[in-house]
Each structure stands twice: as structure tokens, then as C-alpha cells.
*Asks:* 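Dumping the structure here so I can ask a few things about it.
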Amino acid sequence: MRIGLLGTGNVARALAHGWRAAGHDVLLGSRRPEERTGLDLPVAGLGETAAHAEVLVNATPGGVSVALLHSIGAPALAGTLLIDVGVGLSDDFTELTHPNSSLGELIQEAFPLTPVVKTLCTMDSSAMTAPGELTEPGTVFLSGDDIEAKRTTGHLLTDLGWPPSTQLDIGGITTARGQEHFAFLFMGIADGVGSHTFNIKVVTRRQTDTP
């Protein structure tokens, strides 16, 4: 697939490398592409990236994502699956920019013709594309209102090393706030284990035979 990734930071680059290794055509989108050289990945302007993509990925800072998408324009985004991996945090990482909602919800509300799927925001970029390097992959969550969009996102997650057994659909786009609000627990766990490269796993009750 043609995948456009909005952003050129660690997350965007990690995902681009992961999907390119799986055979996808990737393009990074930047407001200043002429300044983003030497990344070993193709970079274009935001509009060109959106026009190129069958799937768009929002990997921009959550506090500016909606405005950045508006700069591209709703018509350019209509009908294109948008995978949102962003989390809105203050500059000092002490507050959420969307404490009573989520970035995923706000994007979906602002662009109703663009199916939005929230995923991968409960882990660091080092785990997003290398779940096989963890002791076990753990769980990756999906939130979104469009079933087909979530199905396509699931296939792309599999291409990054997340088998279907690790993927958990937790419901509509309103459940994205649970994924994003995990950010503070993520930071606490990172301090506790001394690393950002980890993931969590949903563990359910053991099934027992009934007499």
C-alpha cells in the first residue's frame, strides 16, 4: 500500500522503516521537507503526502495535529483511512492537551468523511515495530467507528509484527481516550523498569472446565 506518514520524528521514521521492510511504499510528510534531508526515507510536503497515500498516519505532536490536518484540508483527506498514533501532552509532559476527550475523537469529529483508527499510542516507537524483541509482544489496541478501516489497520499491524492474537479491538473512537490517557501510566512504568521499550498485555481469567 501507499502509506503517507505525517511527521518526521522518531515514531514516523520507525513506522516508515517497518512498513517499507514489509514491502509498502512509504512517504514522510513535513511542513518543511527541504529541511528534512538525510533521513534515508523520502520526504514531501503535507499536501503531496496526503495525495500520494492510500493510508495516512498521524505521527505529529497531538497538540498541533488537528490544525495541521486542517492545513491539508478536509477534501484531501475524505475517504482516506487515517491511523492516529499521536498523544497530546504539554511541553513538560505533565498534562494532557485533551483531558476530557482524545485526539482521535477530535480528528474524527473535525473530519467526518475520514475514517480514523487509534492504535499504537500505548508504547514507545522502539516497541511499535519490533514486538518480537520483547519477551512477548503483549497487546496492541484499536479504536474506531469504521469496521473496514480497523480491518485494514489490523493487516498493517500484522506487517509490523503484531499477529491478530495480539490485537484487541476495544470499540468505537470514543475509546481512544483510554489509549491516550494511558500516557501517564506509561511514564510511570518506564521509570519503574528503567526503559521505554516495553509493552503491556491484557490477561483474562483462566478458563476452567465446569462439572
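Note that the numbering runs from 1 along the sequence shown for the chain. Computed from heavy atoms alone, side chains included, the values below leave out hydrogens, waters and symmetry copies. Owing to the predicted nature of the structure, the values given are computational and were not obtained by experimental measurement.
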*Asks:* Determine whether Ile72 and Thr49 make a side-chain contact, defined as any pair of heavy atoms from C-beta on separated by less than 4.5 Å.
*Replies:*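 Result no, sub-4.5 Å side-chain heavy-atom pair not found.
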*Asks:* For the CD atom on Glu109, are there more than 12 heavy atoms of other groups (residues, nucleotides or ligands in this structure) within a distance under 6.0 Å?
*Replies:*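 Count not over threshold, so no.
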*Asks:* Are Arg177 and Glu180 close enough for a salt bridge, meaning some N to O gap below 4.0 Å?
*Replies:* no
*Asks:* Please name the pair of heavy atoms, one in Lys150 and one in Gly171, separated by the smallest distance, quoted to 0.1 Å.
*Replies:*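 Shortest heavy-atom contact: NZ-O, 3.1 Å.
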*Asks:* Whether the Arg36 and Thr8 side chains hold a donor-acceptor pair (N or O, under 3.5 Å, no angle test) is what I'd like checked.
*Replies:*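 Short answer, yes.
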*Asks:* More than 12 foreign heavy atoms under 6.0 Å from CG of Asp91: is that the case here?
*Replies:*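 Atom CG in Asp91 is not crowded, with 12 or fewer foreign heavy atoms closer than 6.0 Å.
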*Asks:* Looking only at side-chain N and O atoms, does Thr158 offer a donor or acceptor that is under 3.5 Å from a partner on Gln167?
*Replies:* yes
*Asks:* Mark yes when over 12 heavy atoms from residues, nucleotides or ligands other than Arg31 sit less than 6.0 Å from its CZ; otherwise mark no.
*Replies:*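 For Arg31, atom CZ is not crowded (no more than 12 foreign heavy atoms under 6.0 Å).
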*Asks:* Salt bridge (Lys or Arg N to Asp or Glu O under 4.0 Å) with Arg20: which of Asp40, Asp159, Asp25?
*Replies:*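 So the option named by the test is Asp40.
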*Asks:* Aromatic rings Phe186 and Phe198: how do their planes relate, parallel, tilted or perpendicular, breaks at 30° and 60°?
*Replies:* parallel
*Asks:* Ignoring hydrogens and geometry, is there a side-chain-to-backbone donor-acceptor pair from His52 to Ile3 under 3.5 Å?
*Replies:* no
*Asks:* Knowing that exactly one of Leu5, Leu156, Asn10 qualifies, which makes a side chain to side chain contact (heavy atoms under 4.5 Å, CB included) with Leu15?
*Replies:* Leu5
